[in-house]
J.: 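Following this message is one structure expressed as structure tokens.
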Amino acid sequence: MGWDEAKFKHLGLWVSVLAVLLLGTCWAHPIPDSSPLLQFGGQVRQRYLYTDDAQETEAHLEIRADGTVVGAARQSPESLLELKALKPGVIQILGVKTSRFLCQGPDGKLYGSLHFDPKACSFRELLLEDGYNVYQSETLGLPLRLPPQRSSNRDPAPRGPARFLPLPGLPPAPPDPPGLLAPEPPDVGSSDPLSMVGPSYGRSPSYTS
């Protein structure tokens, strides 16, 4: 009996040591939170920011090479944006093609900058129940708004749309190379509508009209 008791005590000691080591490992290496709703630091998404508020036509936020920010009716390489989380609920927005950060001045005007300024280029991302998002300057608290459709983006306080729908950032499909014709639709009245048999130089009398 004495040997069995000593064996169980020795085993219990090793179990306690192993539990302490595992607990210490969990404390030293926390599991990163990957929730898409909280948008913690390090998460990167490519999106088109679409809006239809007070617009005659749909508009996508576009950062151009000269630094101007406009609303484009169609998706384009300049409207493909990279949204990267800086900390929970705060993101930076980068134009993929122009490599310009979306920034906002004290007067609310948007512009694209080649250099990231945390005070001008950090935005809070607020999720709405209808799937749209609202973005606000983290420093100034001003809403991110597109300039009015007929504005040159020089107005001191643009009052364009402020509600955006992040659309999946799939680059536009390249155009078909020249010289290639689109395939013709199948001939449903043919004996071989999918052209699986190949060209035939004779026709069976059974298929003669």
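For this chain, numbers begin at 1 and follow the sequence in order.
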J.: Hey, does L110 have a side-chain heavy atom less than 4.5 Å from the side chain of R145?
T.: no
J.: Taking atom CG of L114 and atom OG1 of T98, what is their separation to the nearest 0.5 Å?
T.: 8.0 Å
J.: Return the minimal non-hydrogen interatomic distance between T139 and K119, and the atom names on each side.
T.: OG1-O, 3.0 Å
J.: Is the H60 ring parallel, tilted or perpendicular to the Y50 ring (thresholds 30°, 60°)?
T.: tilted
J.: L144 versus L61: any side-chain heavy-atom pair under 4.5 Å?
T.: yes
J.: Please report the shortest heavy-atom distance between L81 and I63, naming the atom on each side.
T.: CD2-CD1, 3.9 Å
J.: Rounded to the nearest 0.5 Å, what separates atom CG in L102 from atom CD1 in I93?
T.: 5.0 Å
J.: Roughly how far, to the nearest 0.5 Å, is CG of L128 from CG of N133?
T.: 6.5 Å
J.: Which pair of heavy atoms, one from P168 and one from Y48, lies closest together, and at what distance?
T.: O-CD1, 3.5 Å
J.: Ignoring hydrogens and angles, tell me if any N or O in the side chain of T51 forms a donor-acceptor pair with the backbone of F164 under 3.5 Å.
T.: no
J.: Is there a side-chain contact between F116 and Q92, using heavy atoms and a 4.5 Å cut-off?
T.: yes
J.: Flag the pair Q46 / L80 as yes when at least one side-chain heavy-atom distance between them is below 4.5 Å, and no otherwise.
T.: yes
J.: Provide the closest heavy-atom pair for G131 versus P166 in the form atom of the first, atom of the second, distance.
T.: O-CD, 4.0 Å
J.: With a 4.5 Å cut-off on side-chain heavy atoms, are Y135 and L83 touching?
T.: yes
J.: Would you please test E82 and K97 for salt bridge (Lys or Arg N to Asp or Glu O under 4.0 Å) and show each step?
T.: CA-CA 10 Å; E82 182 180 276; K97 180 176 178 59; over 6 Å; no
J.: Do any N or O atoms from the side chain of S122 and from the backbone of P118 form a donor-acceptor pair under 3.5 angstrom?
T.: yes
J.: Starting at CG of L167, measure out to CG of L49 and round the result to the nearest 0.5 Å.
T.: 8.0 Å
J.: Give, for atom SG of C103 and atom NE2 of H115, the distance between the pair rounded to the nearest 0.5 Å.
T.: 10.5 Å
J.: Does a salt bridge link E78 with R100, judged by any charged N lying under 4.0 Å from a carboxylate O?
T.: no
J.: For residues R124 and V90, report the shortest heavy-atom separation together with the two atoms involved.
T.: NH1-CG2, 3.7 Å
J.: At their closest point, which heavy atom of Q104 faces which heavy atom of P143, and how far apart are they?
T.: NE2-O, 3.0 Å
J.: Rounded to the nearest 0.5 Å, what's the gap from CG on L86 to CD on Q43? Could you check?
T.: 12.0 Å
J.: Indicate yes or no for a side-chain donor-acceptor contact from S137 to the backbone of L142 under 3.5 Å, with no hydrogens or angles considered.
T.: no
J.: When you check the side-chain N and O atoms of E62 and S76, is any donor under 3.5 Å from an acceptor?
T.: yes
